[in-house]
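Chain naming here is simple, since letters A, B, ... match the order of the sequence lines and numbering starts at 1 in each.
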Amino acid sequence: MPLRLFNTYSRTLEEFHPLDSAGREVKMYTCGPTVYSHAHIGNFRAYLFEDLLQRHLELREFKVRRVMNITDVDDKTIQGSRSAGIPLAEFTSPFKQAFFEDLDTLRIKRADSFPEATDADQIAAMIEMIKTLMARDLAYQAEDKSVYFRINKFPAYGRLAHFDLSELRSTGRVKSDEYDKEHVGDFALWKAWDEEDGPVCWESPWGPGRPGWHIECSAMATQLLGEQLDIHCGGVDNIFPHHEAEIAQTEGCTGKKFVRYWMHCAHLMVDGQKMSKSVGNFYTLRDVLAKGYSGREVRYALMRVHYRAPLNFTWEGMEESRQALGRIDDWLARLREKANGAGASQSTKQGEQFEEGLDDDLNISAALGFLFETIRETNRALDLGSLDAGEASAWLQWWERIDRVLAITGKESALPPEVAVLAEARVQARLAKDWRKSDELRDELAARGWEARDTKDGQKITRRSGV
RNA sequence: GGCGGGGUAGCCAAGUGGUAAGGUCGGGGUCUGCAAAACCUCUAUUCGCGGGUUCGAUUCCCGCCCCCGCCUCCA
């Protein structure tokens, strides 16, 4: 079964074939965070979707080269540094660091590079692109000294979003500078310096200022990945104007098709509304961790719903995820015990349905459905004693393969000494048939996050709801 | 108004022109000193509403309703 992905540009499912079919290299660009505060879990939903995509492509033996930008200069970062009374770089630095920590917590693979908007090389690349656009009459400098893209000169503008330019109307959410522009839809390539920018500015052929947000991605993508990308991702809210602008700028410079597959992820919702900083209805990863959930639990919770469907974030959903992961943990523990180091006795071809689910535009629900069916069936066989060590080993091998995509295996943590003491005391209490003491010790263990189970092979101690 | 996404059991969520995966919660059972885990079992005569096509539609077509998003901050 071929790998099929939904392309926003065509609004259809398309078979995926990278430009470099022989080398199997996939060039992937993903819009990253603006580091003016901590990213919220809605942002991470998008990054998790991209991680799932990258990991699945890699499972299918593609070599992914991925770039994610870090926007460290814009209105909000400047405003933040001003109100904090510190230089821009000093203001954004802790948020950059926190972002990378959060990626690790969520087990999101690092991109090959994370270019920053304020890199001198990147600024230079942006200025070069703007020069080209000016030379081609696709851009102009307005009376306010800023440079704008002239969308009327780019007929394809609006094609990605399926917008009719004459229908564009201002929502009034952004400071209106319409009087300086030829068309309301013209967007800034270079923002002329003004007082509010303080010391933040770069020299350019059009005077001091800073780059517009959209040009940043065009410059970084083409510089680091080339003029044509295989996949470009982001949240649906990036479709317009951001990605539309990227197409216009990049293709305006190169004359080549910029992106072959556009992929967008639906929003994370809270109480039926889009999670967003401006509404204030957001949770950062740290907020969720503070409630006692682990990174992999958040990972699972945000990943288990198809990326194109809106996902409502609830604590109930977090609890469901915790339970589901516990089920997987226990299953793996049983398999490991059964396999006991034996070699795999059968091919893992039996598990192909999982990967085929993902081939279908990352249908994670179908894939997980198959996983849980497999868990039930193998558990039943273990109960009946009809699953041998070699088979258990084969299923473990299968798990290792699919977990390259899921990345949700729990870490096996060693028993802390005081827990081991309690556990041993409980074993003794049970030998003495002192049920009362045994139950007390079970409660004590539970209070420390460890669960005691009595099986026919004796007491088992398991970490509950952990990392 | 334009352009999209979604509406399937308490909650989350797959799916197919032929009669509804899976997760979670809850009830019952096996096991257990009691539990836990695991397994078994029950929980949508029904897939937003109304038409149409069809032997048959949740799935195709038409119309409508509701929710969410985008229409120059936004993942």
Colleague: Would one find a side-chain N or O of A/Arg304 under 4.0 angstrom from OP1 or OP2 of B/C12?
Modeller: no
Colleague: In chain order, what residues pass the side chain to side chain contact (heavy atoms under 4.5 Å, CB included) check against A/Val236, with sequence neighbours excluded?
Modeller: A/Ile239, A/His264, A/His267
Colleague: Considering every strand and a 4.0 Å limit on heavy-atom distances, what is the contact class for A/Arg453: base, sugar-phosphate, or nothing?
Modeller: base
Colleague: Have a look at A/Gly317 and say if it touches a base, only the backbone sugar-phosphate, or nothing, with a 4.0 Å heavy-atom cut-off.
Modeller: nothing
Colleague: Counting the atoms with a prime plus P, OP1 and OP2 as sugar-phosphate, which does A/Leu268 contact under 4.0 Å by heavy atoms, base, sugar-phosphate, or nothing?
Modeller: base
Colleague: If you compare every side-chain N and O of A/Asn312 against the phosphate oxygens of B/G6 (OP1, OP2), does one of them come in below 4.0 Å?
Modeller: no
Colleague: Please name all residues satisfying side-chain hydrogen bond (donor to acceptor under 3.5 Å, both in side chains) with A/Thr105, sequence neighbours left out, ordered by chain then number.
Modeller: none
Colleague: Roughly how many Å apart are B/U53 and B/G63, using the C1' atom of each and rounding to a whole number?
Modeller: 15 Å
Colleague: Using a cut-off of 4.0 Å on non-hydrogen atoms, how would the nucleic acid contact of A/Gln273 be classed: base, sugar-phosphate, or nothing?
Modeller: sugar-phosphate
Colleague: Tell me whether A/Lys181 forms a cation-pi arrangement with A/Tyr140, defined as NZ or CZ under 6.0 Å from the six-membered ring centre and within 45 degrees of its axis.
Modeller: no
Colleague: Can you name the side chain to side chain contact (heavy atoms under 4.5 Å, CB included) partners of A/Ser81, sequence neighbours left out?
Modeller: A/Leu88, A/Phe91
Colleague: Could you tell me whether A/Asp434 and A/Arg426 make a salt bridge, using a distance below 4.0 angstrom between a side-chain N and a carboxylate O?
Modeller: no
Colleague: For A/Glu424 and A/Gln428, test the side chains for any donor-to-acceptor distance below 3.5 angstrom and give the result as yes or no.
Modeller: yes
Colleague: Is there a donor N/O on one and an acceptor N/O on the other, under 3.5 Å, for the side chain of A/Asp454 and the base of B/C34?
Modeller: yes
Colleague: Whole Å only: how far is the CE atom of A/Met303 from the P atom of B/G23?
Modeller: 17 Å
Colleague: Please give the distance between the C1' atoms of B/U41 and B/C31 as a whole number of Å.
Modeller: 15 Å
Colleague: Distance check, P atoms only: B/G10 and B/G6, in whole angstrom units.
Modeller: 22 Å
Colleague: Go through the N and O atoms of the side chain of A/Arg436 and the base of B/C34, and report whether any donor-acceptor pair is under 3.5 Å.
Modeller: no
Colleague: Taking side chain to side chain contact (heavy atoms under 4.5 Å, CB included) as the test, write out the residues that go with A/Ser278, two or more places apart.
Modeller: A/Ser276
Colleague: Between A/Leu311 and A/Cys233, which is nearer to the 5' end of RNA chain B once each is assigned its nearest nucleotide?
Modeller: A/Leu311
Colleague: To the nearest Å, give me how far apart NZ (A/Lys274) and C1' (B/G4) are.
Modeller: 14 Å
Colleague: By side chain to side chain contact (heavy atoms under 4.5 Å, CB included), which residues pair with A/Asp112, not counting sequence neighbours?
Modeller: A/Arg65, A/Arg66
Colleague: If only side-chain N and O atoms count, and only distance matters, is there a donor-acceptor pair under 3.5 Å linking A/Thr378 with A/Trp331?
Modeller: yes
Colleague: With sequence neighbours left out, write down each residue that passes side-chain hydrogen bond (donor to acceptor under 3.5 Å, both in side chains) with A/Lys153, or none if nothing qualifies.
Modeller: A/Asp137
Colleague: Among B/C34, B/G33, B/A38, which nucleotide has an atom closest to any side-chain atom of A/Arg430?
Modeller: B/G33
Colleague: Using the C1' atom as the point on both nucleotides, what is the distance between B/A20 and B/U59, in whole Å?
Modeller: 11 Å
Colleague: When the C1' atoms of B/C65 and B/G28 are compared, how many Å lie between them, rounded to an integer?
Modeller: 40 Å
Colleague: Say we look at B/C40 and B/G50: how far apart would their C1' atoms be, to the nearest angstrom?
Modeller: 43 Å
Colleague: Just checking A/Tyr47: base, sugar-phosphate only, or nothing, at a heavy-atom cut-off of under 4.0 Å?
Modeller: sugar-phosphate
Colleague: Closer than 4.0 Å, any side-chain N/O of A/Asn379 to the OP1 or OP2 of B/C39?
Modeller: yes
Colleague: Please pick, from B/G4, B/G33, B/G69, the nucleotide with the shortest atom-to-atom distance to any side-chain atom of A/Arg11.
Modeller: B/G4
Colleague: Within the 4.0 Å heavy-atom criterion, would you say A/Arg334 contacts the bases, only the backbone, or no part of the nucleic acid?
Modeller: sugar-phosphate
Colleague: Separation of A/Glu356 atom CD from B/A21 atom P, in whole Å?
Modeller: 20 Å
Colleague: Take atom P in B/U43 and the same atom in B/C68, then report the distance between them in whole Å.
Modeller: 34 Å
Colleague: Under 3.5 Å, is there an N or O donor on one side and an acceptor on the other linking the side chain of A/Arg308 and the base of B/G6?
Modeller: no
Colleague: Return the value, rounded to whole Å, for the distance between atom CE of A/Met269 and atom P of B/G7.
Modeller: 13 Å
Colleague: Assign a letter to each nucleotide of nucleotides 24-29 of chain B from its 5' end: B, base within under 4.0 Å of a protein heavy atom; S, sugar-phosphate only; -, no contact.
Modeller: SS----
Colleague: Could you tell me how far apart A/Glu451 (CD) and B/A35 (P) are, to the nearest whole angstrom?
Modeller: 14 Å
Colleague: So A/His267, base contact, sugar-phosphate only, or nothing? Heavy-atom distance under 4.0 Å.
Modeller: base
Colleague: Is A/Ala452 touching bases, backbone alone, or none of the nucleic acid, heavy atoms closer than 4.0 Å?
Modeller: base
Colleague: With no hydrogens and no angle check, do the side chains of A/Trp399 and A/Thr409 hold a donor and an acceptor under 3.5 Å apart?
Modeller: yes
Colleague: When the nearest nucleotide of RNA chain B is assigned to A/Asp439 and to A/Arg376 on a heavy-atom basis, which residue is associated with the more 5' position?
Modeller: A/Asp439
Colleague: Using whole Å, what does the distance between atom C1' of nucleotide B/A38 and atom NZ of A/Lys456 come to?
Modeller: 10 Å
Colleague: We want to know whether A/Asp361 and A/Tyr307 form a side-chain donor-acceptor pair, criterion being a heavy-atom distance below 3.5 angstrom.
Modeller: yes
Colleague: Write down the distance between CG (A/Leu441) and P (B/A35), rounded to a whole number of angstrom.
Modeller: 19 Å
Colleague: If you measure from the C1' atom in B/G48 to the same atom in B/A21, how many Å do you get, rounded?
Modeller: 22 Å
Colleague: Could you spell out the base pairing of RNA chain B in dot-bracket, with Watson-Crick or G-U pairs whose two distances are under 3.5 Å, [ ] crossing and | to another strand?
Modeller: (((((((..(((.....[...))).(((((.......))))).....(((((..]....))))))))))))....
Colleague: A/Phe187 CZ to B/C71 P: how many Å, rounded?
Modeller: 15 Å
Colleague: Listed by chain and number, what are the side-chain hydrogen bond (donor to acceptor under 3.5 Å, both in side chains) partners of A/Arg334, not counting sequence neighbours?
Modeller: A/Asn379, A/Asp383
Colleague: Given B/A13, B/C3, B/A38, identify the nucleotide with an atom nearest to the side chain of A/Phe163.
Modeller: B/C3
